[in-house]
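Below is one structure, written out as structure tokens, with a few remarks after it.
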Amino acid sequence: MTSDVALSIDEQVALLRRGTTEIISEADLRAKLALGRPLRVKLGVDPTAKDVTLGWAVVLRKVRDFQRLGHTGCIIIGDFTAQIGDPSGKSKTRKQLTREEVQANVEAVKEQLFKILIPERTEIFYNADWLGKMTFEDVIRLCSRYTVARILERDDFTKRLAEQRPISMHEIMYPLCQGMDSVEINADVELGGNDQKFNNLVGRTLMEQYGLAPQVVVLSPLLVGTDGKEKMSQSLGNYVSVIDTPNDMFGKTMSIPDELIANWFELATDVPLSEVSELLAPGTNPRNAKVRLAKEIVGLYHGVEAAEAAEQYFVDTFGKKTQPVDAEEAVILPEWVEDGFVSIPALVVALGLAKSNGAVKDLVKAGAISLDGEKVTELRLAHADLVGKTMKVGKHEFRKLA
RNA sequence: GGGUAGAUGCCCGAGUGGCCAAUGGGAACAGACUGUAAAUCUGUCGGCGAGAGCCUACGCAGGUUCGAAUCCUGCUCUACCCA
């Protein structure tokens with residue numbers, strides 16, 4: 001096998017251990033690494049999202065770490081399981097997706113995956129290929145290999161049971177489905193977020209049941225989102241996507257709470273941890289560390305130059321509070337102009353910066369909308385007074401009107 | 001299959017015939033302050049409308065009433081107890 005680097009087993013394990021909370025078991029992992037063949041490193045992907053977020057990137061980057069050591073990344077697109085909806089970490093039943101929705105998401109996401117993964121060492125599978133073909137008899141047989149008590153041990157289920165919340169039958173099948181994926185591709189290692197521990201362990205059990213060597217489970221912590229509270233996820237809106245523009249990426253990163261800086265460095269960048277502790281040493285301004293963090297992240301996905309530019313933009317725009325030179329341009333369409341006047345609410349809504357006219361009125365009332373630095377107080381302004389000016393909506397949205 | 005309790009806005013949760021677009025808390029958004037951090041203070045927080053006002057909303061469908069989130073009937077969903 002071809003590794004990009006020649007490392008001892010110890011060094012390999014050390015590399016792989018960064019950004020993980022648990023490896024079950026490390027001894028097994030060492031044994032597998034010692035085999036000297038490319039390992040099949042499985043990562044299940046639930047195509048409920050259209051963007052690869054930094055949270056998701058944590059595990060993808062871990063796959064990439066394995067790939068650099070010469071192993072094969074096996075990405076399982078859970079097109080079948082997405083229709084069930086993973087109950088992990090949820091206190092509610094998830095809505096089920098249609099096949100069409102799943103398909104659309106997959107297409108959108110595939111390209112983004114390869115911003116991180118090494119294509120030549122990646123295999124992509126769709127679990128509908130095997131799960132979708134199981135007969136009812138197969139399913140019953142599979143069920144017989146696991147007990148209700150063991151399934152209910154799972155945290156989310158225990159909790160829901162205690163809170164007298166519903167648990168549907170199809171949800172308890174989820175871990176088994178995921179376990180079958182491991183059986184099907186004969187995984188050596190399965191990666192996952194911490195919340196996947198239960199599912200991944202079921203995979204180990206099932207593999208043994210089916211006469212295979214149990215996979216090693218490598219768990220990563222969940223990246224906390226920009227809100228500093230919940231795990232980063234698209235549905236919560238607290239995410240940074242790998243296809244965000246450099247400026248967005250930079251800005252969003254700057255908005256995270258200070259307590260998250262170290263964690264983000266560890267999980268989302270390659271900066272050596274020793275350097276991170278220096279950056280965050282007592283007496284230093286956390287802001288500087290955060291700037292570095294933001295630059296690192298932008299650099300990973302857009303390159304060093306873009307990172308420099310994003311920093312410059314950030315400093316100019318938010319530090320010095322000047323108007324951004326290169327604000328996104330927004331053309332005022334003729335149909336928005338009436339008798340030479342433009343309705344501000346309609347304009348802002350049309351630009352997608354607010355969801356209703358009422359919301360824009362509130363913003364105007366609050367002084368949150370300005371033109372070239374001057375607060376807008378009227379709901380209707382002359383078209384001529386708008387063109388060429390930069391409109392600021394809220395804290396960070398700028399549009400150069402044309 | 002039988003019984004009991006419950007379903008309210010993004011979430012929790014008050015409201016038992018008019019004063020309810022619906023108390024309160026949280027979340028969210030915005031303003032001030034700052035480092036687009038935290039904390040704090042202030043404001044907003046269903047939609048449309050310049051406004052008067054109109055529309056949509058309290059699980060679903062009907063009904064009673066001048067008037068219903070609130071009463072009645074049927075249905076759906078959930079939990080618990082019994083089988």
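Protein chains get the first letters and strands the later ones, always in sequence-line order, with residue 1 at the start of each. Keep in mind the model is a prediction, meaning the values are calculated, not measured. Heavy atoms only: backbone and side chains are in, while hydrogens, waters and symmetry mates are out.
A/F265 does not carry A/R292 over the face of its six-membered ring by the limits of under 6.0 Å from the centre and within 45° of the normal. A cation-pi arrangement, defined by a distance under 6.0 Å to the six-membered ring centre and an angle within 45 degrees of its axis, is absent between A/K133 and A/F80.
For the C1' atoms, the distance linking B/U56 with B/G9 amounts to 12 Å, nearest Å.
Here B/G49 is the nucleotide among B/C45, B/G49, B/A30 with the atom lying nearest to any side-chain atom of A/K361.
Residue-level contact check: A/G251 touches the bases, meaning some heavy atom is under 4.0 Å from a base atom.
Note on A/K395: every side-chain N or O is 4.0 Å or more away from OP1 and OP2 of B/A28. Note on A/N357: a side-chain N or O is less than 4.0 Å away from OP1 or OP2 of B/G49. Residue A/T317 has no polar side-chain atom (N or O) positioned under 4.0 Å from OP1 or OP2 of B/U36. Checking the phosphate oxygens (OP1, OP2) of B/A37, no side-chain nitrogen or oxygen of A/S255 falls inside 4.0 Å.
Nucleotide B/A5 forms a pair with B/U78, judged by Watson-Crick or G-U wobble geometry with both contacts under 3.5 Å. Nucleotide B/U36 is matched to nothing when pairs are restricted to Watson-Crick or G-U wobble geometry with both distances under 3.5 angstrom. Summarising the base pairing, B/G62 is matched to B/C72 through a Watson-Crick or G-U wobble pair whose two defining distances lie under 3.5 Å. When Watson-Crick and G-U wobble pairs are counted only if both distances are under 3.5 Å, B/G67 pairs with no nucleotide at all. In this structure, B/C29 forms a base pair with B/G43, meeting either the Watson-Crick or the G-U wobble geometry with both donor-acceptor distances under 3.5 Å.
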